[in-house]
Protein chains: 2
Amino acid sequence: MLNLENKGKYIKANDCPIAATIDVIGGKWKPIIIWLLIQDVKRFGELHRSIPGIALKVMNRQLKELEADGIIIRTAYPEVPPRVEYALSEKGKTLTDIMKSLALWSTTNILESEKAD
Amino acid sequence: MLNLENKGKYIKANDCPIAATIDVIGGKWKPIIIWLLIQDVKRFGELHRSIPGIALKVMNRQLKELEADGIIIRTAYPEVPPRVEYALSEKGKTLTDIMKSLALWSTTNILESEKAD
DNA sequence: CGGTATCCGGCGGGATACTG
DNA sequence: CAGTATCCCGCCGGATACCG
């Protein structure tokens, strides 16, 4: 069981369960990808158009990593032209509340304080 | 107000409020540092001993970044030998629930699945 | 349409030595 | 005790060109 009062030592960064989760969702574009897939299943090109700044190869690697971590599911349809869809897995859907918390925190603690500048 | 149903485009990664929060807490050792400081105010050496794997320079930079982001407060006491204490700020304390969520998610979705290997 | 392959640069993180 | 200074390196992310 998780001991949230753990006062022990952390030899390796990954001994920290918080860091373990951030490893999964913390790629540069992963939060955006997950957020877009929370809203809807999306095709490859659709994702790419929704994130204009991202390089093709980078988007692909982030998608592969998310798939390897069981967060998203890739479905390729054997058609011509090919069609590939990306959807959140059940595990991925359990991230929804966390994503909302992270988004909410930044709007109240980062964006707000920038107004004061 | 935050539009959690935002279906717009993200030109830059940082347009994403989720990524903005991860930028703050996402350094390699920042989750551990924040977690330790949630439990208690700690001195520099005390932190260093609690995280044996971290290099001095790296820990210092992570602490400086956390301080710059308003998450922690550094207090130096003009004594000999010097004493420096690090504590969570009020803003930092608002991260507590998020940290617990992140820790809990990894224990149920990462550590559990590793057992199956 | 949905990808690989190749090459590259920067930055975060690290080991070691030195200092107020 | 609590830091800097210096040098180093691997990896993530990026631009461009090519492929099934």
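Throughout, a chain's letter reflects where its sequence line sits, starting with A, and its residues are numbered from 1.
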Under 4.0 Å between any heavy atoms, over every strand shown, what does A:Tyr86 touch: base, sugar-phosphate, or nothing? Just pick one.
sugar-phosphate
Check whether any side-chain nitrogen or oxygen of A:Asn60 sits under 4.0 Å from OP1 or OP2 of C:dT4, and answer yes or no.
yes
Using modelled atom types only, decide if a donor and an acceptor are shared between the side chain of B:Lys91 and the backbone of B:Asp69 within a distance under 3.5 Å.
yes
The nucleotide from C:dG20, C:dG3, C:dG13 with an atom nearest the side chain of B:Pro82 is C:dG20
Quick one: A:Ile33 CD1 to D:dC12 C1', roughly how many Å, whole number?
14 Å
Which part of the nucleic acid does A:Val84 contact within heavy-atom distance under 4.0 Å: base, sugar-phosphate only, or nothing?
sugar-phosphate
Protein-nucleotide distance (A:Leu56, atom CG; D:dA15, atom P), rounded to Å:
11 Å
C:dG2, OP1 or OP2 - any side-chain N/O from A:Arg43 closer than 4.0 Å?
yes
Using whole Å, report how far CZ of A:Arg49 lies from P of C:dG3.
13 Å
Evaluate salt bridge (charged side-chain N to carboxylate O under 4.0 Å, His left out) for B:Glu67 paired with B:Lys64, printing each intermediate quantity in order.
CA-CA 5 Å; B:Glu67 193 191 0; B:Lys64 279 210 164 72; over 6 Å; no
Rounded to whole Å, the NZ-P distance (A:Lys64 to D:dC12) equals 15 Å
Between A:Glu67 (CD) and C:dG2 (C1'), how many Å, whole number?
14 Å
Contact under 4.0 Å: A:Arg74 side-chain N or O vs C:dG3 OP1/OP2
yes
Does B:Arg83 pair with B:Glu79 as a salt bridge, N-O distance under 4.0 Å?
yes
Under 3.5 Å donor-acceptor pair, A:Arg61 side-chain atoms to D:dG13 base atoms
yes
Classify the nucleic acid contact of B:Lys30 as base, sugar-phosphate or nothing, counting any heavy atom under 4.0 Å across all strands shown.
nothing
Expressed in angstrom and rounded to an integer, what is the separation of A:Ile51 atom CD1 from D:dG13 atom P?
13 Å
Could you state the atom-to-atom distance from CG of A:Leu47 to P of C:dG3 in whole Å?
10 Å
Looking only at side-chain N and O atoms, does B:Lys57 come under 4.0 Å of OP1 or OP2 in C:dT19?
no
Kindly indicate whether the side chain of A:Leu95, heavy atoms from C-beta on, has any atom under 4.5 Å from the side chain of B:Asn109.
no
Once you apply a heavy-atom cut-off of 4.0 Å, does A:Gln62 come out as touching a base, just sugar-phosphate, or nothing?
sugar-phosphate
Donor-acceptor under 3.5 Å (A:Glu85 side chain, A:Thr75 main chain):
no
In whole angstroms, how far is the P atom of D:dC12 from the CG atom of A:Asp23?
10 Å
